[in-house]
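Computed from a predicted model, the values in this text were never measured in an experiment.
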Amino acid sequence: MFNAPNKTIKKTWVLPAVVVGSRAVVYVTFEQDAKQREIRIDMQRVTGRWRITDMHYPGGKRLTQLL
């Protein structure tokens with residue numbers, strides 16, 4: 001996951017996507033240092049395939065801001 005060594009992530013849950021037309025939102029929850037954290041993944045269908053358009057990390061950072 002974002003900004004964390006893989007060995008500190010203990011559990012991961014991926015909730016079913018909420019799909020509206022050609023857009024979708026997926027929430028991924030994981031446990032790190034005995035705390036639950038959540039990432040929101042925004043997706044868009046492009047030519048029949050789902051593509052990530054942005055990721056919202058704990059603490060308010062976004063993938064599009066980091067690139």
Out of curiosity, does Phe30 fall in the hydrophobic cluster containing Val25 (side-chain heavy atoms, cut-off under 4.5 Å, transitive links)?
no
Starting at CD of Gln44, measure out to CH2 of Trp50 and round the result to the nearest 0.5 Å.
8.5 Å
Are Trp13 and Ile39 connected in a single hydrophobic cluster, I mean Ile/Leu/Val/Met/Phe/Trp/Tyr linked by side-chain heavy atoms less than 4.5 Å apart?
no
Considering all heavy atoms, the nearest Thr53-Met43 contact
OG1-N, 3.9 Å
Mind checking whether His56 and Asp42 have side chains closer than 4.5 Å, heavy atoms only?
yes
Do the side chains of Ile41 and Val19 join up, straight or via other hydrophobic residues, at under 4.5 Å, putting them in one cluster?
yes
Val28 side chain reached by Glu38 side chain, heavy atoms, under 4.5 Å:
no
For the atom pair CZ (Arg62) and OH (Tyr57), what is the distance rounded to the nearest 0.5 Å?
11.5 Å
For Arg40 versus Tyr27, what's the shortest heavy-atom pair and its separation?
CD-OH, 3.3 Å
Output yes when a side-chain donor or acceptor of Arg37 lies under 3.5 Å from a complementary backbone atom of Gly59, and no otherwise.
no
Apply side-chain contact (heavy atoms from CB on, under 4.5 Å) to Leu15 and Val26, showing your working.
CA-CA 6 Å; Leu15 297 178; Val26 177; 5.9 Å; no
